Amino acid sequence: FNFKFLEDGESSLKRNIVLNKKSLLSFSVKTDICEEYDGIFKFYVDGEEKESFVGIDGSWTEVNCVLSEGTHELEWRAEGVDIGYTVGITNSVLLDNFRLSKAPEALSSFTQNFDEELDGNWSINGLSASVIENDPIYASWAQYGDALEDFHGKIFKLSTYGGSRTGDSSLKISNISNSVDSAISFDYRLDLWTSNSFKVYIDDVEKFSTTGYGEGWRKGSINLSAGNHVVEFKTETDGYYSLGVSNAVYLDNISLVPDT
């Protein structure tokens with residue numbers, strides 16, 4: 001998808017599919033667009049927006065979407081803005097690796113510690129979001145001994161800055177179905193420039209927001225009523241960053257536990 005001459009128009013790829021059972025649709029996406037000057041890229045199922053993508057010099061990210069049995073219209077749409085285009089980038093969005101597979105079981109309870117692979121219930125989006133081997137702060141301060149010992153192992157990193165670019169990053173869980181009131185808890189460590197933020201959304205509603213840097217690991221928890229839910233962990237930037245911090249949030253031990 002080329003945004004360079006899209007102006008305020010649209011360009012889309014559509015596909016109608018018929019499923020005889022609940023399935024998982026997966027695809028890879030890579031963005032090199034600025035929302036303010038180029039536009040935004042969106043994914044729709046049956047006319048309902050499921051994901052949106054924007055970011056300059058983004059990395060390839062994997063998107064997962066659970067589809068119910070039946071007929072569906074899938075659409076990938078480039079939506080432009082009538083301002084011009086960003087100079088010095090490709091002004092494009094790339095797609096690849098479309099596939100259908102068996103849908104994962106809905107989640108009524110879980111613990112994700114990132115030493116295990118993410119299954120199809122999880123989607124990654126944005127500038128830079130990935131599993132890393134260990135906490136870089138603890139790993140680089142080994143000379144301080146046990147006081148800073150890292151017990152987390154592999155963790156998830158959500159960045160707001162990388163490769164001379166700034167942008168939002170997110171990790172989303174989209175197949176939660178809890179029959180009773182529950183709580184979603186998570187370990188997090190902040191290392192963000194203070195004008196940026198770490199937020200958690202439940203069904204697109206902000207439920208948790210904080211910022212800070214140079215802090216140790218903390219525990220967060222959000223109540224989750226019985227029902228079907230989408231949970232998104234997201235770092236959001238205003239375009240500023242600091243060379244004195246890693247401009248990231250680190251996550252571990254995300255869990256959904258029924259109330260007792």
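Counting from 1, the numbers follow the sequence of the chain as shown. Since the model is a prediction, treat every value here as computed from it, not as a measurement.
Follow the hydrophobic side-chain contacts under 4.5 Å out from Leu6 and you never reach Val81; the two are in separate clusters. Hydrophobic clustering places Leu13 together with Phe3 (ILVMFWY residues linked when any side-chain heavy atoms are closer than 4.5 Å, directly or through intermediates). Grouping the Ile, Leu, Val, Met, Phe, Trp and Tyr side chains by contacts below 4.5 angstrom, directly or via other members, places Phe41 apart from Ile89. Val245 and Ile132 are assigned to two separate hydrophobic clusters, defined by single-linkage of ILVMFWY side chains at heavy-atom distances under 4.5 Å. Under the 4.5 Å side-chain heavy-atom criterion for ILVMFWY residues, no single connected hydrophobic cluster contains both Leu25 and Leu118.
For Tyr188 and Tyr250, the gap between ring centers reaches or exceeds 6.0 Å. For Trp193 and Tyr161, the gap between ring centers reaches or exceeds 6.0 Å. You'll find the ring centres of Phe156 and Phe114 inside the 6.0 Å limit.
The residues Lys22 and Glu69 are annotated as not salt-bridged, no charged nitrogen and carboxylate oxygen being separated by less than 4.0 angstrom. Classification of Lys172 and Glu51 as a salt-bridged pair holds, one side-chain N sitting under 4.0 Å from a carboxylate O. Taking a cutoff of 4.0 Å between a charged side-chain nitrogen and a carboxylate oxygen, Lys154 and Asp115 do not qualify as a salt bridge.
Of the possible donor and acceptor atoms, none in the side chain of Asn121 sits under 3.5 Å from a partner among the backbone N and O of Ser174. Asn2 places no side-chain N or O within donor-acceptor distance of the main-chain N or O of Ser92, the cut-off being under 3.5 Å. Looking only at distances, a side-chain donor or acceptor of Ser23 sits under 3.5 Å from a matching main-chain atom of Lys21. Side-chain N or O atoms of Asn125 include one that pairs as donor or acceptor with a backbone N or O of Ser52 at under 3.5 Å. Checking side-chain atoms of Ser242 against main-chain N and O of Gly244 turns up a donor-acceptor pair under 3.5 Å.
Looking at Asp96 and Ser28, their side chains never bring a donor and an acceptor atom within 3.5 Å of each other. Side chain to side chain, Thr90 and Asp32 meet the donor-acceptor criterion of an N or O pair below 3.5 Å. For the 3.5 Å distance criterion, the side chains of Asn113 and Asn253 fail to qualify, holding no donor opposite an acceptor. If you check the side chains of Asn228 and Ser177, you find a donor sitting under 3.5 Å from an acceptor. Counted by atom type alone, Asn196 and Thr237 present one or more donor-acceptor pairs between their side chains at under 3.5 Å. For Asp181 and Ser225, the side-chain atoms include no donor-acceptor pair closer than 3.5 Å.
How far OG of Ser159 is from CG of Asp191: 10.0 Å, rounded to the nearest 0.5 Å. Separation of atoms CG (Asp204) and CD (Glu49) is listed at 8.5 Å; rounding is to 0.5 Å. One distance of note links CG of Leu171 with CG of Leu251; it measures 7.0 Å at 0.5 Å rounding. In this structure, Ile202 CD1 and Ile176 CD1 are separated by 7.0 Å, a value rounded to the nearest 0.5 Å. Atom NZ of Lys50 sits about 11.5 Å away from atom OG of Ser123, to the nearest 0.5 Å. One finds the OG atom of Ser169 at 10.0 Å from the NZ atom of Lys157 (value rounded to the nearest 0.5 Å).
Here the rule is side-chain hydrogen bond (donor to acceptor under 3.5 Å, both in side chains) with Ser12, and of Arg77, Glu79, Glu75 only Glu75 fits it. With Ser255 as reference, Ser185 is the one residue of Ser109, Ser221, Ser185 to meet the side-chain hydrogen bond (donor to acceptor under 3.5 Å, both in side chains) rule. The residue from Phe98, Phe1, Tyr44 that alone fulfils the ring pair (Phe, Tyr, Trp, His ring centres under 6.0 Å) condition with Trp76 is Phe98.
Of all heavy-atom pairs between Ala248 and Leu192, the closest is N-CD2, 3.7 Å. Between Leu256 and Ser182, the closest heavy-atom pair is CD1-CB, 3.7 Å. Ile124 and Val63 make their closest contact through O-CG2, 4.5 Å (heavy atoms, listed as atom of the first residue, atom of the second, distance). Taking all atoms of both residues into account, the shortest heavy-atom contact from Val54 to Cys34 is CG2-C, 4.2 Å.
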Stepwise side-chain contact (heavy atoms from CB on, under 4.5 Å) check, Phe27 with Leu95:
CA-CA 7 Å; Phe27 60 92; Leu95 294 174; 4.1 Å; yes
Evaluate the criterion side-chain contact (heavy atoms from CB on, under 4.5 Å) for residue pair Lys207 and Tyr201; output intermediate values, then yes/no.
CA-CA 6 Å; Lys207 295 293 185 178; Tyr201 293 88; over 6 Å; no
For the pair Ile173 and Ile254, evaluate side-chain contact (heavy atoms from CB on, under 4.5 Å) and give the outcome as yes or no after the intermediate values.
CA-CA 10 Å; Ile173 321 166; Ile254 301 174; 4.2 Å; yes
Which is it for Arg189 and Arg218 under the side-chain contact (heavy atoms from CB on, under 4.5 Å) test, yes or no, and what are the steps along the way?
CA-CA 6 Å; Arg189 189 176 71 75; Arg218 296 183 175 185; over 6 Å; no
Applying side chain to side chain donor-acceptor pair (under 3.5 Å) to Asn178 and Ser108, what does each step give before you reach the verdict?
CA-CA 4 Å; Asn178 49 310; Ser108 57; over 6 Å; no
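At most 12 heavy atoms of other shown residues, nucleotides or ligands fall within 6.0 angstrom of atom NZ in Lys102. The 12-atom threshold is not exceeded at OH of Tyr85, counting heavy atoms of other residues, nucleotides or ligands nearer than 6.0 Å.
By the 4.5 Å heavy-atom criterion applied to side chains, Leu67 and Val45 are counted as neighbours. When side chains are defined from C-beta on, Thr160 does not count as touching Phe198, because their heavy atoms never get closer than 4.5 Å. Between Phe233 and Val200 the shortest side-chain heavy-atom distance falls below 4.5 Å. Inter-residue side-chain proximity for Thr86 and Asn91 is flagged as met; some heavy-atom pair is nearer than 4.5 Å. Considering only heavy atoms from C-beta on, Lys30 stays 4.5 Å or farther from Val93 through its side chain. Taking the side chain as every heavy atom from C-beta outward, Asn16 and Leu74 never approach each other to under 4.5 Å. Contact of the Lys42 side chain with the Ile40 side chain is registered, since non-hydrogen atoms from C-beta on lie closer than 4.5 Å. Between Lys234 and Leu158, the closest side-chain pair of non-hydrogen atoms is not below 4.5 Å.
Applying the ring pair (Phe, Tyr, Trp, His ring centres under 6.0 Å) test to every pair with at least one member in residues 51-73, sequence neighbours left out, gives no pairs at all.
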